Amino acid sequence: MSEKLLKFTSIEQAMPVKRAAQKRLADFNEVYAEFDPEKAREQASRCSQCGVPFCHIHCPLGNNIPDWLKLTAEGRLEDAYEMAVSTNNMPEICGRICPQDRLCEGNCVIEKDFDAVTIGSVEKYIADMAWDQGWVKPITPAVELDQSIGILGAGPAGLAAAEELRKLGYQVHIYDRHDRAGGLLVYGIPGFKLEKDVVGRRTGRLEQSGITFHLDFEVGREKTLSDLREEHDALLIATGVYRARGIKVPGVGLGNIYEALDYLIASNKVGFGDDVPEFTNGNLNAKDKNVVVVGGGDTAMDCVRTAVRQGAKSVKCLYRRDKANMPGSAREVLNAEEEGVEFVWLSGPEAFLGDNNVSAVRAYQMRLGAMDATGRQAPEPVPGSDFKIDCDLAILALGFEPEDLPALFGAPELRVTRWGTVTVDHASMMTNVNGVFAAGDIVRGASLVVWAIRDGRDAAASIVKHLRQKDAVAA
Ligand code: FAD
Ligand code: SF4
Ligand code: SF4
């Protein structure tokens with residue numbers, strides 16, 4: 001064993017420096033700084049190189065974590081990057097936004113007695129270093145193949161699949177209804193978690209690698225699924241889930257009540273310098289407003305933290321369960337609290353009040369009752385517990401469901417589940433339409449970036465197998 005490892009007994013866990021809350025409120029830049037080289041090496045050296053590395057088992061991509069930690073500890077950063085990128089198309093992105101406490105780090109076996117190895121921060125460090133040093137190059141396939149693949153959706157699932165297919169020489173076309181590639185990486189997740197140039201350099205590299213992006217192209221409006229099926233040898237549906245879950249309470253139709261994604265997309269576009277009329281006219285801008293966000297997941301956390309940065313007068317988050325039962329990452333809740341967000345635990349909206357626009361929320365307190373079918377205690381309102389909160393911008397962050405894809409794509413033949421997700425054969429990721437595959441949130445329901453990447457890679461492998469079988473039959 002290298003003498004550069006097993007240092008967890010003598011070196012304490014350290015995260016990269018976190019900017020002070022007052023400083024971070026002044027901009028939308030990331031909260032954590034980069035490790036300096038010595039710190040990265042030192043933190044990587046805490047790994048005990050387990051025989052059965054639970055970190056690797058609990059990484060959805062099966063990253064070879066102990067191997068790249070060892071290479072980092074030994075100062076072999078280019079090798080560490082090559083190792084990291086061999087299983088992950090976007091290591092610097094996962095290093096920033098994976099919920100590591102539930103995945104790799106949460107399962108690091110030294111954690112019981114010592115704090116976990118800071119795997120995500122080291123992964124981010126080695127990949128950012130690779131970009132800085134010019135080690136990340138466009139793809140140059142060894143052969144150019146005639147077959148073309150159409151990928152619907154430029155989010156992490158579509159991008160990961162595109163990269164894997166292009167490496168083998170396929171002609172790859174990506175279609176997306178937005179004006180920028182990246183999916184929720186650019187228009188959902190705010191810059192303070194993931195700065196946009198980090199995504200832009202990945203999508204830019206794919207473009208330089210010969211992948212064709214068709215932006216502002218809505219499948220169903222520009223062309224139907226079967227039009228595209230005729231143009232390509234295979235298709236991958238990776239269009240994510242975008243229909244916001246609603247809430248049925250009086251007053252929900254008042255003005256200045258918005259869906260979370262409308263609010264976050266506007267904020268992200270403003271960050272790019274775009275002209276966003278609904279922001280300029282003040283509707284989607286939290287400045288000087290009393291903001292109430294309803295929901296307790298990561299999307300709600302992104303909304304409350306965006307609102308404090310826009311200069312809201314107050315920001316309250318209503319969540320129907322308690323802190324311990326919140327789906328949002330504990331790290332993001334802490335960040336939000338530091339930034340001045342007030343959490344109103346065990347509460348829910350009873351009605352939105354106001355004439356034309358919302359002016360207050362009447363909420364009630366909840367308590368946790370009997371276990372429901374999912375094994376969680378179901379929240380129930382406490383009778384007579386009403387209270388009122390001033391509110392002139394309400395944001396609903398209650399989760400997402402798939403759109404009606406067969407109708408949207410003009411493809412009634414496409415089979416979907418009763419939840420609207422696309423039905424696939426899980427071994428091949430092919431839908432019921434021959435040669436049409438699906439991956440990411442549109443198959444799983446709202447999930448994580450790292451799972452979308454995993455699905456994109458798996459779908460690419462299945463597409464290759466399918467095309468090679470077709471070739472073999474034709475030969
Ligand atoms: P998406 O990223 O949604 O990409 C789908 C793409 O398809 C989009 O670009 C869309 O424009 C395009 N599209 C849709 N319909 C059409 C059509 N008809 N025609 C053409 N194009 C179309 N995950 C994490 O791991 N960490 C986080 O911190 C995190 N934070 C999040 C914050 C927010 C606010 C949200 C909403 C999600 C967050 N997630 C996070 C979840 C993560 O972003 C998703 O799981 C992931 O992006 C799914 O990838 P995907 O490629 O399946 O879909
Ligand atoms: Fe951990 Fe995510 Fe990186 Fe896997 S991809 S090692 S889960 S941060
Ligand atoms: Fe290293 Fe922790 Fe993984 Fe073990 S579980 S190999 S100590 S990072």
Side-chain angles (χ1 to χ4, degrees), residues 5-6 8 44 46-63 65-70 84 87-88 90-91 93-100 102-111 114 116-117 119-124 152-161 174-178 180-190 193-194 214-222 237-242 260-261 264 297-303 329 332 397 399-400 403 405 408-409 439-456:
L5 288 153
L6 290 160
F8 60 92
R46 296 181 68 243
C47 174
S48 73
Q49 298 286 293
C50 305
V52 182
F54 282 94
C55 56
H56 155 86
I57 294 166
H58 288 272
C59 167
L61 289 162
N63 280 348
I65 299 166
D67 294 344
W68 46 253
L69 287 173
K70 178 170 180 286
T87 52
N88 185 354
M90 308 171 196
I93 293 177
C94 293
R96 283 168 164 85
I97 58 166
C98 270
Q100 285 103 9
R102 305 204 307 256
L103 300 171
C104 53
E105 293 179 16
N107 290 282
C108 172
V109 291
I110 63 167
E111 197 190 16
F114 301 90
V117 177
I119 301 167
S121 303
V122 174
E123 188 178 25
K124 166 180 180 280
L152 322 186
L159 295 174
I174 305 187
Y175 301 87
D176 200 288
R177 64 181 169 195
H178 276 305
R180 290 184 177 90
L184 291 171
L185 300 176
V186 285
Y187 281 145
I189 301 171
K193 277 165 61 182
L194 176 61
H214 304 261
L215 299 176
D216 289 317
F217 186 112
E218 176 154 348
V219 180
R221 194 185 61 202
E222 257 68 45
I237 303 173
T239 45
V241 291
Y242 284 90
L261 215 47
L264 292 173
D298 283 331
T299 303
M301 294 308 97
D302 289 347
C303 291
S329 129
E332 297 307 312
F400 302 96
E403 292 154 301
L405 280 205
L408 190 72
F409 286 0
D441 280 5
I442 193 57
V443 175
R444 288 179 181 273
S447 178
L448 293 173
V449 169
V450 66
W451 280 115
I453 297 172
R454 167 68 194 266
D455 288 353

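This is a predicted model, so every value here is computed, not measured. Order of appearance sets the numbers: ligands from 1, and atoms from 1 within every ligand.
- Heavy-atom proximity to atom 2 (Fe) of ligand 2, evaluated over Cys98, Pro99, Pro91, is greatest for Cys98.
- Nearest to atom 3 (Fe) of ligand 3 among the protein's heavy atoms is Cys55 SG, 2.3 Å.
- For atom 3 (Fe) of ligand 2, the nearest N, O or S atom contributed by Glu123 is named OE1.
- Atom numbering of ligand 1 starts at 1 in the shown order; those under 4.0 Å from a heavy atom of Ala452 are 48 (C), 49 (O).
- With a heavy-atom cut-off of 4.0 Å, Ile97 touches ligand 1 through backbone and side chain alike.
- Remark: distances from the non-hydrogen atoms of Asp176 to ligand 1 include one below 4.0 Å.
- Residue contact check: Phe400 has heavy atoms under 4.0 Å from atoms 36 (C) of ligand 1.
- A donor-acceptor pair is defined here as one N or O able to donate and one able to accept, closer than 3.5 Å; such a pair exists between the side chain of Asp441 and the backbone of Ser447.
- Among all non-hydrogen protein atoms, the one lying nearest atom 4 (Fe) of ligand 3 is Cys50 SG, 2.3 Å.
- Close approach to Val450 involves these atoms of ligand 2, each under 4.0 Å from a residue heavy atom: 5 (S).
- Proximity of Pro60 to Leu448: side-chain heavy atoms (C-beta onward) are nowhere separated by under 4.5 Å.
- The nearest N, O or S atom of Cys59 is closer to atom 4 (Fe) of ligand 2 than 2.8 Å.
- Looking only at heavy atoms of the protein, atom 1 (Fe) of ligand 3 is closest to Cys47 SG, 2.4 Å.
- Less than 4.0 angstrom separates some heavy atom of Leu103 from each of these atoms of ligand 2: 7 (S).
- The option from Arg180, Glu222, Arg177, Met301 that lies nearest to atom 15 (N) of ligand 1, judged by heavy atoms, is Arg177.
- Per-residue contacts place Pro66 under 4.0 angstrom from the following atoms of ligand 3 (heavy atoms of the residue considered): 6 (S).
- For ligand 1 and Gly183, the ligand atoms under 4.0 Å from any heavy atom of the residue are 2 (O), 4 (O), 8 (C), 9 (O).
- Less than 4.0 angstrom separates some heavy atom of Asn63 from each of these atoms of ligand 2: 3 (Fe), 4 (Fe), 5 (S), 6 (S).
- Proximity of Trp451 to ligand 1, defined as any heavy-atom pair under 4.0 Å, is not found for any part of the residue.
- Atom 3 (Fe) of ligand 3 has no N, O or S atom of His56 inside 2.8 Å of it.
- At under 3.5 Å, not a single nitrogen or oxygen of Asp298, backbone or side chain, sits near a nitrogen or oxygen of ligand 1.
- Listed by number with element, the atoms of ligand 1 under 4.0 Å from a non-hydrogen atom of Glu218 are 18 (N), 19 (N).
- With a 4.0 Å heavy-atom cut-off, ligand 1 is reached by the backbone of Pro156 and by its side chain too.
- Between atom 16 (C) of ligand 1 and the options Leu152, Thr239, Leu103, the minimum heavy-atom separation is to Thr239.
- The distance criterion of under 3.5 Å between nitrogen or oxygen atoms is not met by Phe409 with respect to ligand 1.
- Applying the 4.0 Å criterion to heavy atoms of Gly153 picks out, from ligand 1, the atoms 6 (C), 7 (O), 12 (C).
- At least one heavy atom of Ala238 lies less than 4.0 angstrom from ligand 1.
- The N/O atoms of Val449, backbone and side chain alike, include one that comes under 3.5 Å of an N/O atom in ligand 1.
- Using a 4.0 Å cutoff on heavy atoms, Tyr187 does not count as a contact of ligand 1.
- Ligand 1 places these atoms under 4.0 Å from at least one heavy atom of Phe217: 19 (N), 20 (C).
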